[in-house]
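These notes concern the structure reproduced below.
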Amino acid sequence: MDLLDTLTAKGLRGETPTREEALAVLATTDDELLDVVAAAGRVRRRWFGRRVKLNYLVNLKSGLCPEDCSYCSQRLGSKAEILKYTWLKPGEAAEAAKAGVSGGAKRVCLVASGRGPTDRDIDRVTDTVAAIREADPAVEVCACLGLLSDNQAERLKAAGVDAYNHNLNTSEGTYGDIATTHTYADRVDTVQKAHGAGLSACSGLIAGMGESDGDLVDVVLALRELGSDSVPVNFLIPFEGTPLAKEWNLTPQRCLRILAMVRFVNPDTEVRIAGGREVHLRSLQPLGLHVANSIFLGDYLTSEGQAGQADLDMIRDAGFEVEGMGEGTLPRHRADIAAAVTAGSGGGCGTAAAGAAAGAAGGCGTGGGCGPCGGHDHGAVEDAAAGTPAVGAPVTAGGGDEVRTDLVRVRRRGAGTELAPNA
């Protein structure tokens, strides 16, 4: 295909495709899918080889959020049957992080529900980071705490936080359809604060909320323009009890096309397959590794992920290798830009794509986290690992594909419970 030849050539040079080219990727057919994955795979290998970065979520505070994000099980008024608890103690969070690091994760993502942290909350995170660093000084730490106030990003940086996650989630034009208690501009402002403090920008999207192809392309182009170092691609897991409970719009093929589009637009950026991987990619998860270079290990915020050992087996069986703690994730030219940003801001991992304006967009999280909360519907199945009921969703995905209900489970393991984390 001329389109794929053009996109591959641009990606190998680190160039961004046009909006029309990105839209054309989403419009390819299932007959062309393997060609699309192969082309995106060439770009991925050019900048990241065969390495897969592992990230691990620690949910510091679950539920009880005053924001109204339609996709989130922790939102205001949510009736989702999730775990709800206030702040974990630093030692508890460090113990949970240890489980992920021992499984191969090089980044720990500390997430807390809510509109944004108070200064006391920043103190709590500072103590937690210190406990994690004491156990493993080399681990990367990313915080996801919602909207930041003045000087909070600087305090997180001084505490040893490397990155800040705050997803754009969807296009600016449709943002008001999924949340009304804060704006797209609020999210941009938060990641600009994080970027200005020298924190690496981690900002991505959620696919499957009923958005158009144009919305997907627009948010991904915005992330590229605004300089996100890491782009988490979340696939909505509809929660019963939230406004998007019936939005089952994704097939494995659609998810692979979305990942390929994100890779072509962000050729030299960490692309992470985040929440919804197991539910929507299903048996095609290994193909996703040929496009993305980063995944979460084990569980998400309020839903269970694939068993950690299964993730490691999948990576090995697909011919990839886990990225080591001492290896840099970004290509050299991106790392050099990050270092320059760090020097100008007084420290940090830095962030900014070549030629990007000083500022990044994002917003994982008012009420959110590094990945969406997960999902369930009625019809419990027994969870052998935890010994408690997990809940499946007997619904049908777009295109007639049957959703794997055995993979849609409320999170019952890990931080906030007396059971071991899934890593």
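Computed from a prediction, not measured in an experiment: that's the story for all the values here.
- With salt bridges taken as basic N to acidic carboxylate O contacts below 4.0 Å, one links Arg115 and Glu67.
- Between Val111 and Leu60 there is no side-chain heavy-atom pair separated by less than 4.5 Å.
- Side-chain contact between Val265 and Leu223 is absent, with no heavy atoms from C-beta onward closer than 4.5 Å.
- A donor-acceptor pair under 3.5 Å links the side-chain atoms of Thr190 to the main chain of Leu148, judged by distance alone.
- A distance-only check finds a donor-acceptor pair linking the side chain of Tyr164 to the backbone of Leu145 [under 3.5 Å].
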Could you go through Asp299 and Asn59, starting from their C-alpha distance and side-chain angles, then the distance that decides it, and tell me whether this counts as side chain to side chain contact (heavy atoms under 4.5 Å, CB included)?
CA-CA 10 Å; Asp299 295 337; Asn59 200 3; over 6 Å; no
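- Across every non-hydrogen atom of Tyr56 and Leu297, the tightest pair is CD1-O, 3.2 Å.
- Counting heavy atoms from C-beta on, the side chains of Val219 and Glu172 never come closer than 4.5 Å.
- At least one donor-acceptor pair closer than 3.5 Å links the side chain of Gln152 to the backbone N or O of Pro117.
- A distance-only check finds no donor-acceptor pair linking the side chain of Trp47 to the backbone of Leu330 [under 3.5 Å].
- Under a 4.0 Å N-O distance rule, the pair Arg19/Asp218 qualifies as a salt bridge.
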Can you list the steps and then say if Val36 with Leu256 is a side chain to side chain contact (heavy atoms under 4.5 Å, CB included)?
CA-CA 9 Å; Val36 172; Leu256 286 173; over 6 Å; no
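- A side-chain N or O of Asp229 and one of Ser200 form a donor-acceptor pair less than 3.5 Å apart.
- Of the possible polar contacts, none joining the Arg133 side chain to the Ala159 backbone as a donor-acceptor pair under 3.5 Å is found.
- Rounding to the nearest 0.5 angstrom, the gap separating the CD atom in Gln253 from the CG atom in Leu287 is 10.0 Å.
- Ring orientation note: the planes of His280 and Trp248 are tilted relative to one another, at an angle of 30° to 60°.
- Inter-residue side-chain proximity for Leu205 and Leu216 is flagged as met; some heavy-atom pair is nearer than 4.5 Å.
- You'll find the side chain of Arg107 stays beyond 4.5 Å of the side chain of Val139, heavy atoms only.
- With 3.5 Å as the limit, one finds a donor-acceptor pair spanning the side chains of Tyr300 and Glu278.
- The nearest pair of heavy atoms linking Pro232 to Ala274 is CB-CB, 4.1 Å.
- A salt bridge does not link Lys89 to Asp127: none of the charged side-chain nitrogens sits closer than 4.0 Å to a carboxylate oxygen.
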Go through the steps for Leu199 and Asp162 under the test side chain to side chain contact (heavy atoms under 4.5 Å, CB included), then give the verdict.
CA-CA 6 Å; Leu199 296 169; Asp162 299 299; 5.9 Å; no
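- From Cys255, atom SG reaches atom CG of Leu250 across 4.5 Å, with rounding to the nearest 0.5 Å.
- No side-chain donor from either of Arg155 and Thr126 sits under 3.5 Å from a side-chain acceptor of the other.
- One N or O on the side chain of Asn266 and one on the backbone of Val262 form a donor-acceptor pair closer than 3.5 Å.
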Between Tyr71 and Asn169, does the side-chain hydrogen bond (donor to acceptor under 3.5 Å, both in side chains) criterion hold? Intermediate values first, please.
CA-CA 10 Å; Tyr71 54 82; Asn169 289 331; 3.0 Å; yes
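- With Glu247 contributing its side chain and Leu244 its backbone, the two residues share no donor-acceptor pair below 3.5 Å.
- For the residue pair Asn55 / Ser294, a side-chain donor-acceptor distance below 3.5 Å is found, with atom types taken as modelled.
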Would Arg263 and Asn293 count as a side-chain hydrogen bond (donor to acceptor under 3.5 Å, both in side chains) if you check the C-alpha gap in whole Å, the side-chain angles of each, and the deciding distance to 0.1 Å?
CA-CA 10 Å; Arg263 170 56 70 202; Asn293 64 296; 2.8 Å; yes
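- Ring centroid separation for the pair Phe320 and His290 comes in under the 6.0 Å cut-off.
- For the 3.5 Å distance criterion, the side chains of Asp68 and Thr180 qualify, holding a donor opposite an acceptor.
- The minimum heavy-atom distance between Ser70 and Pro243, with the atom names listed, is O-CD, 3.4 Å.
- Side-chain contact, Glu323 with Thr329: a donor N or O sits under 3.5 Å from an acceptor N or O.
- Asn234 places a side-chain N or O within 3.5 Å of a backbone atom of Gly275 that can act as its donor or acceptor partner.
- At a cut-off of 3.5 Å, with distance as the only test, no side-chain donor of Asn249 or Arg254 sits close to an acceptor on the other residue.
- When all heavy atoms of Asp121 and Gly116 are compared, the pair lying nearest together is OD2-O, 4.4 Å.
- Residues Asp268 and Arg44 are not paired through a salt bridge, judged by the lack of any N-O separation under 4.0 Å between the basic side chain and the carboxylate.
- Smallest separation of non-hydrogen atoms from His182 and Leu147: CB-CD1, 4.2 Å.
- For the pair Ile295 and Leu54, the minimum side-chain heavy-atom distance is below 4.5 Å.
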Do Lys53 and Glu270 pass the salt bridge (charged side-chain N to carboxylate O under 4.0 Å, His left out) test, and can you show the C-alpha distance, the side-chain angles, and the key distance before you say yes or no?
CA-CA 9 Å; Lys53 181 176 182 178; Glu270 176 187 347; 3.5 Å; yes
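- Note on Asp186 versus Lys193: no salt bridge recorded, every NZ/NE/NH1/NH2 to OD/OE distance being 4.0 Å or above.
- Val43 has its side chain within reach of Phe264: a pair of non-hydrogen atoms, C-beta onward, lies under 4.5 Å apart.
- One N or O on the side chain of Ser113 and one on the backbone of Lys61 form a donor-acceptor pair closer than 3.5 Å.
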Going through the distances and angles, do Arg277 and Asp311 end up as a salt bridge (charged side-chain N to carboxylate O under 4.0 Å, His left out)?
CA-CA 11 Å; Arg277 163 168 61 94; Asp311 287 335; 3.0 Å; yes
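- To the nearest 0.5 Å, the span separating CG on Leu284 from OG1 on Thr251 amounts to 9.0 Å.
- Between Phe235 and Leu259 the shortest side-chain heavy-atom distance falls below 4.5 Å.
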From CA spacing to verdict: side chain to side chain contact (heavy atoms under 4.5 Å, CB included), Val108, Glu140:
CA-CA 6 Å; Val108 172; Glu140 295 179 11; over 6 Å; no
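- Salt bridge absent: Glu15 and Lys10 never bring a charged side-chain N and a carboxylate O closer than 4.0 Å.
- In this structure, Arg272 satisfies the cation-pi test against Phe296, with its NZ or CZ atom closer than 6.0 Å to the six-membered ring centre and inside 45 degrees of the ring normal.
- Closest of all the heavy-atom pairs between Val322 and Gly104 is CG1-O, 3.8 Å.
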What do the steps show when you test Thr174 against Asp177 for side-chain hydrogen bond (donor to acceptor under 3.5 Å, both in side chains), and what is the final call?
CA-CA 6 Å; Thr174 59; Asp177 295 336; 5.3 Å; no
